[in-house]
Amino acid sequence: VAWAAKMLGQHAVVYMPKGSAAARVAHVHANGGECTVTDLNYDQTVELAFAKAKEHGWVVLQDTTAEGYTEIPQWIMQGYTAMVDEALEQMEGAHPTHVLLQVGVGSMAGAVLGYLVERFKGLPGQRPIAVTLEPENAACAFASARRRDGKMATVEGDLETMIAGLACGVPSALGWPILAGHVDGGFCWLSDGLAANGMRALAREGVEAGECGGAAIGLLQRLMAPGCPRAKAVRERLGLGEASRVLVFNTEGATDPVNYAAQMKLPDVSPAETAFDFEPPLDDAPVLGAVQREMGSGTADDGANTAVWRHFPHTMAISPARIGLLVLQTDFVMEAEMRSLLAPLLQLPSDGTLPRGICVTARMPMKDRIEAATLSSIAGSVQGVVKQFFPFQAAERRAMEVLVFGCTSASLVIGEERVEALLAEEKPGATIVQVTVAIREALGALGARRLAVLTPYTEAVNRQVDAFLAAAEMEVIARGTLGCPGDYEANRVSPQEVQCAGVALVSSLPKGAVDALLICCTGLMASSVINRMEEKLDVPVITSNTATAWK
């Protein structure tokens, strides 16, 4: 913008969000522009720029939209189409099978995808499958897709990410409808570490790419990572393999040379162990590879005008993610709470498609008393219980995406590693979720180290809880127990009683003495009162079931 203004004899005034690299500011100054780095995020900086332009009578050059401001963004989007037009021309008919599109506000992605939709209109199966990608903390298109209603969602906060060119929280009103209507692969976010991997991969091939430019290659490496069941499922859904031709755009060079130099010195992060997420396209409909014929038409043998069975063509929809929940025979709380907490995943969509997930339950033998001996006996029976999931289906159809071991105290007594090994042997490829692991990671995500802990357990099991938290380097400031000998009693403690006990336990401490209240045991019904407890105590409240659902 500053360069073009100088060429046209105009003066450029540029506003950048907080955290903008000094080199980017210097580039504006070098081209005669005026540059201000605000203490606001990107979307707030856009609002400031509009206010300043209105105050001074300036023309705003911006590729996102605002009320009454669409003409210039539309021109900019038209300009973006030159990239894909030139790319296809250079491919000389060897069209890509897939295209990965970076999303900030969605103008570039929407422009490229809109071009491809028009270019391949009337040519079924030839348009490349489109996948979008965004930074983890600024994934406004991903959040919009997750709504499943076609409406735009806004991501708020600092939008902190190394991928500064994509750090946008509000989608473009021009770009989002194109993405919502025509992204047929899915919507992804990725961590900064994956973008840095992509920068280094391109550098090894002699291509200088900044954070935005490296992001697409980083995501592609993540999706192709071996040994990750989740990536494998996305690959299979997208038809992404060794024969695929993937089109990516290096949308910037090293515009932040300081960070570029720093990233070049760092080793790659392991793609298979680095965070990403995937949301299916909004229509989530399978694509027909060929015209299907109607079958079974005919008449009755005697020629009478009688009704006959008529066969209708159909396609196999993408299977919902299958979650297997292993619950104690004596616990009637966890299944109910998990289905409530996972309702957005499990509920039937109003648009006639399948739910995004299904949850099936199998019950582990358990005597009534919660004791070390009864808990350790679960190890001998759990593999047989896992075999109850889809027992009569072919082996390849018995796979599960997630397998939840639903007993906090059993993981403590048997040991997390042994539980993991037993379950992985029966369901290789499934993501194993243990309540204890989920609790530890949820507390870590909150930065909680000083805890008040409420359990229903007797003294012997509570000692296991103490050892678990000590190993996780958590400091227990206050302990409380309901003293239930088994699930029969624990399941019958009302949420209101759990709330009273938890509030009393934390309220007895000086304000700020604990970072969180942990309520252990999947058999305690407490998720319905968490919000009220947090309002009263002003500290986060984590339960075994909420941590497991979060994980």
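For the numbers below, each heavy atom of this structure counts, side chains included, while hydrogens, waters and symmetry mates do not. These numbers were taken from a predicted model, which means no experiment stands behind them.
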Is it the case that the side chain of [X] and the backbone of [Y] share a donor-acceptor pair, with hydrogens and angles ignored and the cut-off at 3.5 Å?
{"X": "R222", "Y": "T274", "value": "yes"}
{"X": "N462", "Y": "Y457", "value": "yes"}
{"X": "S381", "Y": "I378", "value": "yes"}
{"X": "N491", "Y": "G523", "value": "yes"}
{"X": "R235", "Y": "L240", "value": "no"}
{"X": "Q464", "Y": "V461", "value": "no"}
{"X": "S376", "Y": "A372", "value": "yes"}
{"X": "E134", "Y": "A141", "value": "yes"}
{"X": "H98", "Y": "L238", "value": "yes"}
{"X": "N197", "Y": "G218", "value": "no"}

### Query
Under the 6.0 Å and 45° cation-pi test, does R230 pair with F276?
yes
### Message
Taking the cut-offs as 6.0 angstrom to the six-membered ring centre and 45 degrees off its axis, would you call R492 and Y488 a cation-pi pair?
### Response
yes
### Message
For a side chain to side chain contact (heavy atoms under 4.5 Å, CB included) check, start with the C-alpha distance between C188 and V131, then their side-chain angles and the critical distance, and finish with the verdict.
### Response
CA-CA 7 Å; C188 294; V131 178; 3.9 Å; yes
Looking at every non-hydrogen atom in both residues, tell me the closest pair between [X] and [Y] and how far apart they are.
{"X": "P271", "Y": "L194", "result": "CA-CD2, 4.1 Å"}
{"X": "A379", "Y": "L422", "result": "O-CD1, 3.8 Å"}
{"X": "F390", "Y": "M400", "result": "CE1-CE, 4.0 Å"}
{"X": "A153", "Y": "S144", "result": "N-OG, 2.7 Å"}

### Query
What residues, two or more places apart in sequence or in another chain, satisfy salt bridge (charged side-chain N to carboxylate O under 4.0 Å, His left out) together with D149?
R147
### Query
With sequence neighbours excluded, what pairs up with E417 under the side chain to side chain donor-acceptor pair (under 3.5 Å) test?
none
### Summary
Sorted by chain and residue number, the side chain to side chain donor-acceptor pair (under 3.5 Å) partners of D515 (sequence neighbours excluded) come out as R450
Give, for atom [atom1] of [X] and atom [atom2] of [Y], the distance between the pair rounded to the nearest 0.5 Å.
{"X": "I530", "Y": "L537", "atom1": "CD1", "atom2": "CG", "result": "11.5 Å"}
{"X": "I439", "Y": "I519", "atom1": "CD1", "atom2": "CD1", "result": "10.5 Å"}
{"X": "L325", "Y": "L342", "atom1": "CG", "atom2": "CG", "result": "9.0 Å"}
{"X": "N41", "Y": "E156", "atom1": "CG", "atom2": "CD", "result": "9.0 Å"}
{"X": "D268", "Y": "Q221", "atom1": "CG", "atom2": "CD", "result": "6.5 Å"}
{"X": "I414", "Y": "Q434", "atom1": "CD1", "atom2": "CD", "result": "9.0 Å"}

More than 12 heavy atoms of other groups within 6.0 Å of [X] [atom1]:
{"X": "K232", "atom1": "NZ", "value": "no"}
{"X": "Q347", "atom1": "CD", "value": "yes"}
{"X": "E160", "atom1": "CD", "value": "no"}

Does the side chain of [Y] come within less than 4.5 Å of [X]'s, by heavy atoms?
{"X": "Q499", "Y": "V503", "result": "yes"}
{"X": "L113", "Y": "L179", "result": "yes"}
{"X": "F405", "Y": "V435", "result": "no"}

Looking only at the side chains, is there a donor atom on one of [X] and [Y] sitting less than 3.5 Å from an acceptor on the other?
{"X": "S377", "Y": "T374", "value": "no"}
{"X": "T408", "Y": "T522", "value": "no"}
{"X": "E416", "Y": "S411", "value": "no"}

### Message
Considering only residues two or more places apart or on different chains, which pairs with a residue in residues 186-195 satisfy side-chain hydrogen bond (donor to acceptor under 3.5 Å, both in side chains)?
### Response
T161-D192
### Task
Mind jotting down which residue pairs meet the side-chain hydrogen bond (donor to acceptor under 3.5 Å, both in side chains) criterion with at least one end in residues 467-479? Sequence neighbours excluded, please.
D466-R479
### Task
Decide yes or no on side chain to side chain contact (heavy atoms under 4.5 Å, CB included) for R449 and L443, but give the supporting numbers first.
CA-CA 7 Å; R449 313 303 300 177; L443 291 171; over 6 Å; no
### Message
L133 vs L100, test: side chain to side chain contact (heavy atoms under 4.5 Å, CB included). Steps then yes/no.
### Response
CA-CA 7 Å; L133 58 127; L100 302 186; 3.9 Å; yes
### Query
Charged N to carboxylate O under 4.0 angstrom, K367 versus D487?
no
### Message
Does D43 form a side chain to side chain contact (heavy atoms under 4.5 Å, CB included) with L159? I'd like the steps, not just the answer.
### Response
CA-CA 10 Å; D43 302 295; L159 312 178; 3.5 Å; yes
#### Entry: salt bridge (charged side-chain N to carboxylate O under 4.0 Å, His left out) contacts touching residues 327-345 (sequence neighbours left out)
E335-R339, E335-R363
### Task
Going by the side chain to side chain contact (heavy atoms under 4.5 Å, CB included) test, name the single residue among T455, L482, N545 that passes it with L524.
L482
